[in-house]
Amino acid sequence: MTGRGAARRVTLLALLAVLAAWPWLAPYFAIFLMTEILILGLFAASFNLLFGYTGLLSFGHAAYFGTGAYVAALLLRDMAPPFLAVLAAAAVGAAVVALVIGWFSVRLTEVYFAMLTLAFGMMVYALVHQWRGLTGGSDGVAGFPLTAPLPGVAVNIADPVNYYYLTLILVAVSAYVLHRITVSPFGLILRSLRENSERASFAGVPVRRYRLAAFVVSGLFSGLAGALFAPFNRIAVPEMAHWTQSAEPVLMTILGGSQYFFGPFLGAGVFLLLRQWITSYTQEWMFFLGVILAFLVVFLPRGLLGLFDRWLGGRS
Amino acid sequence: MQRARLLFAMLAALLLAAAPAAAQEKQPIRIGAIYILSGAFATYGEFARNGIQLAVDEINESGGILGRPVAFMMEDSQGKANVAIQAARKLVFQENVDLLMGLDSSGVANGIAPVVPELQRPFLITHAASPDVTGKLCNKWLFRNSVNVNQNMKAAALVAKELDARRWTTIGPDYAFGHQSWEFFQKYLKAEKPDVEFMAETAFPKFGAEDFTPFINAVIAAKPDGVLISEWGGDLVNFVRQANNLGFFDQDFELLMTLGAATEVLYALGDQMPEGKWVGTRYWFLGKDTPRNKAFVEAYHKRFGNYPSYNAQNAYAGVYTFKAAIEKADTVEPERVIEAMSGLEVEAPIGTYTIRREDHQALVDGFWGVTKASGDYPIRILEPMRVFAAADITPPPEETGCNLQQTAEQ
């Protein structure tokens, strides 16, 4: 047991070391790519708290991602507070939206839950798309400054390398927190809800309240991912709240393996690398990506990590 | 143990991903071009690609630029600013392009403009008309060789002034371009003809909307005297088809289609484009009698089988703008190239234009005309046609809101 734990810790540390040395290891453009992988990996991991651990398939997670993106972009444009304050406000804002939407949505499960979250998600999209006076409509919010992370910390985060490190630190901390949540007593109850919510309910678990709590935590980290994504892109656009954005964490999670904590991160990496690679050859990347994803989902129901697990002689 | 191995496998995958480090052949001068290459607006990207291809081949056949060949690569903006920003980063940091050009939409141009200084490459906008990129968002890296909204609307106002229409409304796409077209049209027409009236009932369908019926009906019901239509590309094609069915063009009001004479649209519509309507464009292939223009139109038609649009001409002229700038600077070093581009005079099919020092907007003529069927061409042509000299339609630098002196220090 201790041997396994130690080996695991060493590998994780090595992974972190590679990520920390990434700007020296990789060509310059790969910094952008890895920043995006980290941000969307966090988005997918927060989605997976609900999907993989609680057993609720949300099709509207772009609502919180988009809220985070817009709160961050608008704060930076209109008030320009320190960047970490922007991120905190955006994450909290997304959590509030998740609380409202979640309060209605957790009453349902399965496809009804998915449909309801999709509907709420599209309401948020319609709001940012049509409230031209505030959000700039389909032009989005652009041209905002990137402020110092904290007052007195004169780091220029407009530099892609610095932004990468900021993202890496925040994603690593968030991943740690999310992981702690999944192995905590709270996380175990969430898993019991996934396995059999009726039995959990008979055992005295207030099912809806736990689902709502998971929903809000998930929304909070999705919001943080969105708040990192808009400044990374230098723009917040309505597409970031669109259902196609909601589909990305679903695909990434299934691709990587929803049963594994790092599955969504791996899925995000493979998804974005595939996109990068295919778009170098053709503009019709969606078609080829679709074929590859369909193939993977049919033949690898437990995702890429499930496949590796099997290769490495893991669980049958 | 499996979990540890698992993480190790992920680590190995990560390292592999970093492996394809760029071993770039530094020889050719590389141009990165960002246009819409997919969806309902993809013909614009296609025409731009043709224009670039033609110019690049001509230049390479006659010895290249400074003895170096020219190569270009295209990226799809999908008409979205965030996609275009990612594409620009990829072109500069992965493909190591020396020059950037493109952009089909004002929304995209406004989004990307603040990011351009980070790319440290000359960026020549050949289509997007947003006044802001040579106005409040201007910077020393950004240039434009295409007619902008100000110029196009000033010309529209000069046409509208002579029409017998007093109450005007608009139908335009619901993003920067549609709203700014209407704003500048009002401003310029009011100055030319103070007794006009602008209606509160306007129609702004979503960009890429497929159903324009409710908007068309609303405008017919509002009974205006004149309608400014700033729909463009695939939207304009859909709009005109639906407007035909609803009898929109038989109504008793004047029409100005600000980008109706884009040949992409005229080819797509064929006989469905009504006759006798005012349409504008940023270049008209029959608009100039110069040998330069005739040679271009002939070469383009011979190679691609259709007549060049403004997007094709602007992209073609864009490549020659880079050529002139690099030859003037005698280097492709970005800082020196943008210095050379400021105030540069370029001979192009559309005419010889100067890139103004104050805001980096090229002084190009605007074209308007009335649609007419012709036995000699498969598309509607403009007759009569009016060419507005750049000097008459371009606002003075102090009105643009651009201050390159100030932004240069950033």
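Below, chain A is the first sequence line, B the second, and so on; all start at residue 1.
N82(B) CG to F229(A) CZ: the interatomic distance, rounded to the nearest 0.5 Å, is 7.0 Å. In this structure, CG on L33(A) lies 8.0 Å from CD on Q94(B), to the nearest 0.5 angstrom. Note that CZ of F29(A) and CD of E95(B) are 8.5 Å apart. Values are rounded to the nearest 0.5 Å.
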### Query
Passes side chain to side chain contact (heavy atoms under 4.5 Å, CB included), D174(B) versus Q130(A)? Steps please.
CA-CA 9 Å; D174(B) 191 14; Q130(A) 274 158 31; 5.5 Å; no

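In this structure, R89(B) forms no cation-pi arrangement with Y163(A), as its terminal cationic atom is not both closer than 6.0 Å to the ring centre and no more than 45° off the ring axis.
For CD of Q120(B), the number of neighbouring non-hydrogen atoms (other residues, nucleotides, ligands) closer than 6.0 Å is greater than 12.
Neither the backbone nor the side chain of F144(A) has a heavy atom closer than 4.5 Å to any heavy atom of chain B.
In summary, the side chains of Q86(B) and N233(A) do present a donor paired with an acceptor at a separation below 3.5 Å, with no hydrogens or angles considered.
For the pair D139(A) (side chain) and Y175(B) (backbone), a donor-acceptor distance under 3.5 Å is absent.
Note on E239(A), R234(A), M240(A): by heavy-atom pairs under 4.5 Å with chain B, the leading option is R234(A).
What you find for A142(A) and G111(B) is that their closest heavy atoms are CB-CA, 3.9 Å.
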